[in-house]
There are 2 protein chains.
Amino acid sequence: MTTSRLQQEIKKKRPFEAVEQEALLNLVRTNDQISIRFGRLFREHGLTPAQYNILRILRGEGKPLPILEIASRTLTVVPGITGLIDRLEQAGYVNRVRCEKDRRVIYVAITETALGRLAELDEPVADLHRQLACGLTAGELKELSRLLEKLRGPLA
Amino acid sequence: MTTSRLQQEIKKKRPFEAVEQEALLNLVRTNDQISIRFGRLFREHGLTPAQYNILRILRGEGKPLPILEIASRTLTVVPGITGLIDRLEQAGYVNRVRCEKDRRVIYVAITETALGRLAELDEPVADLHRQLACGLTAGELKELSRLLEKLRGPLA
DNA sequence: CGTACATAGTTTACATGTCAATTATCGGCA
DNA sequence: TGCCGATAATTGACATGTAAACTATGTACG
């Protein structure tokens, strides 16, 4: 691995910089590894990660949600949601229901089919969580959560 | 927020489970926040995150790399690389060079144009790193790196 | 030599994330 | 009533991630 002159200068001038970059890079890489594994699991059960995410939100809420509310909870940019809901609806996992009071709003309701699909996934998902986190103790996991929340704090 | 009966049972049976899920969820959410910000910065300079990633790898290496080597370093699934390199080549950021010894191999070489574009981004990227990590002390960042590496360890 | 297998890249098909622009509806206010 | 700006959702164009199938080239082995 060649270390560029620029990187050497950075290390000299601001030793702190390296620590920041290393932590953020570690975070991104770790997330990649984890997301890939969950993605494979979801696909084995006929769902994409984004679809699973939306269905989990709807199940957790226990009642239909407006499309924009879903978009805001998934960090998905608004236009992406439309096609996502389209495909979920085609697959029979959700229904669109237009709001009577405000006809601009469209509620999305989860179906029994989708609830069944999610139930199938609950155990495998829990297993994967265990497997992925097996290298850390409960204390370390708590500390990791604390640091991540503190890191995320100023971003809100 | 409704807590499902299933979740309650899980909490009863395996209090450890909640800690794992919380840590992994925190990781994914934090990564989303960070990636969104870097993505915006790259796009302001005419690059997508994936393109920036590849150009950084080529600059760091200092010499042309085979396409599959790049794919392995970016965790990109192979087919995705082709179009990515296509667009980088169209934009004048890389050149394809066929290997003489093994004509199956195609080397990708970074151009001066791309190096200039990367140089423009070095300061803003460093600034963003600082800004994102400002909530944590150097010690906390080191601890975060340690935990993430330990978490990632068994996945390799 | 020549067949079988392995490797490097590409193509195709589809789901997603992103931005800019558009449509439908609401609410307020003259 | 009727226009105006705001809000909810969609559409269109493009880049990316993913899986399966295909092409071209290389290598091993009989």
Side-chain angles (χ1 to χ4, degrees), chain A residues 28 31-55 64-91 93-108, chain B residues 28 31-55 64-91 93-108:
Chain A
V28 173
N31 177 78
D32 283 348
Q33 294 279 352
I34 289 175
S35 297
I36 285 173
R37 281 173 161 73
F38 276 104
R40 283 187 196 141
L41 174 59
F42 297 148
R43 282 173 213 283
E44 284 171 10
H45 290 255
L47 290 175
T48 66
Q51 289 173 345
Y52 177 81
N53 193 18
I54 290 180
L55 294 181
L65 286 176
I67 287 197
L68 288 196
E69 176 62 25
I70 296 174
S72 73
R73 295 198 195 184
T74 57
L75 289 187
T76 299
V77 175
V78 180
I81 285 289
T82 298
L84 206 39
I85 302 293
D86 283 346
R87 283 179 289 271
L88 282 172
E89 195 170 25
Q90 283 177 356
Y93 292 145
V94 303
N95 291 311
R96 277 184 166 91
V97 183
R98 187 173 287 272
C99 175
E100 289 305 321
K101 299 182 181 174
D102 183 342
R103 296 184 48 74
R104 292 171 302 179
V105 177
I106 296 183
Y107 284 100
V108 179
Chain B
V28 173
N31 177 78
D32 284 348
Q33 294 278 353
I34 290 176
S35 297
I36 285 174
R37 274 161 221 263
F38 276 104
R40 282 186 195 143
L41 174 58
F42 298 149
R43 282 173 213 283
E44 284 172 10
H45 290 255
L47 289 175
T48 66
Q51 290 172 345
Y52 178 80
N53 193 17
I54 290 180
L55 294 181
L65 285 176
I67 287 195
L68 288 197
E69 175 63 25
I70 295 173
S72 74
R73 295 199 196 184
T74 57
L75 289 188
T76 300
V77 174
V78 180
I81 283 290
T82 299
L84 207 38
I85 301 294
D86 284 347
R87 283 179 288 271
L88 282 172
E89 195 170 23
Q90 283 176 356
Y93 292 147
V94 302
N95 291 311
R96 278 183 166 94
V97 183
R98 187 174 284 273
C99 174
E100 289 306 321
K101 298 181 180 174
D102 183 341
R103 296 183 47 75
R104 291 171 303 179
V105 177
I106 296 182
Y107 284 101
V108 179

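Chain letters run A, B, ... following the sequence lines, proteins first, then strands; residues in each count from 1. Please read all numbers here as calculations on a predicted model, not as lab measurements.
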(message) Just the rounded figure in Å: distance from P of dT11(C) to CD1 of Ile81(B).
(response) 14 Å
(message) My understanding is that only residues two or more places apart in sequence, or in another chain, count here; which of them pass side-chain contact (heavy atoms from CB on, under 4.5 Å) with Ala71(A)?
(response) Ile81(A)
What nitrogen or oxygen pairs link the protein and nucleotides 13-16 of chain C at under 3.5 Å?
residue: dT16(C); atom: OP1; partner: Thr48(A); partner atom: OG1; Å: 2.3
residue: dT16(C); atom: OP2; partner: Arg87(A); partner atom: NE; Å: 2.7
residue: dT16(C); atom: OP2; partner: Arg87(A); partner atom: NH2; Å: 3.0

Detail all sub-3.5 Å separations between protein N/O atoms and N/O atoms belonging to nucleotides 3-6 of chain C.
none

(message) Using whole Å, what does the distance between atom C1' of nucleotide dT23(C) and atom CD1 of Ile106(A) come to?
(response) 12 Å
(message) With rounding to the nearest 0.5 angstrom, report the CG to CD1 distance, Asn95(A) to Ile106(A).
(response) 12.5 Å
(message) In the structure I gave you, are the side-chain heavy atoms of Val94(B) and Leu55(B) within less than 4.5 Å of one another anywhere?
(response) yes
(request) Check the distance between dC19(C)'s C1' and Phe42(B)'s CZ and give it to me in whole angstrom. (result) 18 Å
(request) Write down the atom of Gly39(A), the atom of Pro49(A), and the distance for their closest heavy-atom approach. (result) CA-CG, 3.8 Å
(request) With sequence neighbours excluded, tell me which residues meet side-chain contact (heavy atoms from CB on, under 4.5 Å) with Ile36(B). (result) Leu75(A), Arg40(B)
(message) Under 4.0 Å, counting only non-hydrogen atoms across every strand here, what does Arg96(A) touch: a base, just sugar-phosphate, or nothing?
(response) sugar-phosphate
(request) Hey, which sits more toward the 5' end of DNA chain D by its nearest nucleotide, Ile36(A) or Ile67(A)? (result) Ile67(A)
(request) At the 4.0 Å heavy-atom cut-off to chain B, mark where contacts on DNA chain D begin and end, going 5' to 3'. (result) dA15(D) to dG26(D)
(message) Applying side-chain contact (heavy atoms from CB on, under 4.5 Å), can you list everything that pairs with Pro64(A), at least two apart in sequence or on another chain?
(response) Tyr107(A), Ala109(A)
(request) Using side-chain hydrogen bond (donor to acceptor under 3.5 Å, both in side chains) as the criterion, list what pairs up with Asp102(A), not counting sequence neighbours. (result) Arg104(A)
(message) Quick check for you: among dT25(C), dT18(C), dT12(C), whose closest atom lies nearest to any side-chain atom of Val77(A)?
(response) dT18(C)
(request) Hey, could you give me each pair passing salt bridge (charged side-chain N to carboxylate O under 4.0 Å, His left out) that has a residue in residues 41-53 of chain B? Not counting sequence neighbours. (result) none
(message) Which is more 5' along DNA chain C, the nucleotide nearest Glu100(A) or the one nearest Ile85(B)? Just name the residue.
(response) Ile85(B)
(request) Starting from C1' on dT25(C), measure out to CG on Leu68(A) and report it in whole angstrom. (result) 13 Å
(message) Tell me every residue that passes side-chain contact (heavy atoms from CB on, under 4.5 Å) with Val28(A), counting only those two or more places apart in sequence or in another chain.
(response) Asp32(A), Asn31(B)
(message) According to side-chain hydrogen bond (donor to acceptor under 3.5 Å, both in side chains), does anything in residues 79-89 of chain B pair up with another residue at least two apart or in another chain? List the pairs.
(response) Asp86(B)-Arg96(B), Glu89(B)-Arg96(B)
(request) Identify, with sequence neighbours excluded, every residue that meets ring pair (Phe, Tyr, Trp, His ring centres under 6.0 Å) alongside Tyr52(B). (result) Phe42(B)
(message) Using whole Å, what does the distance between atom C1' of nucleotide dA8(C) and atom CG of Leu65(B) come to?
(response) 15 Å
(message) Taking the nucleotide of DNA chain C with the nearest heavy atom to each, does Asp102(A) or Pro79(A) sit closer to the 5' end?
(response) Pro79(A)
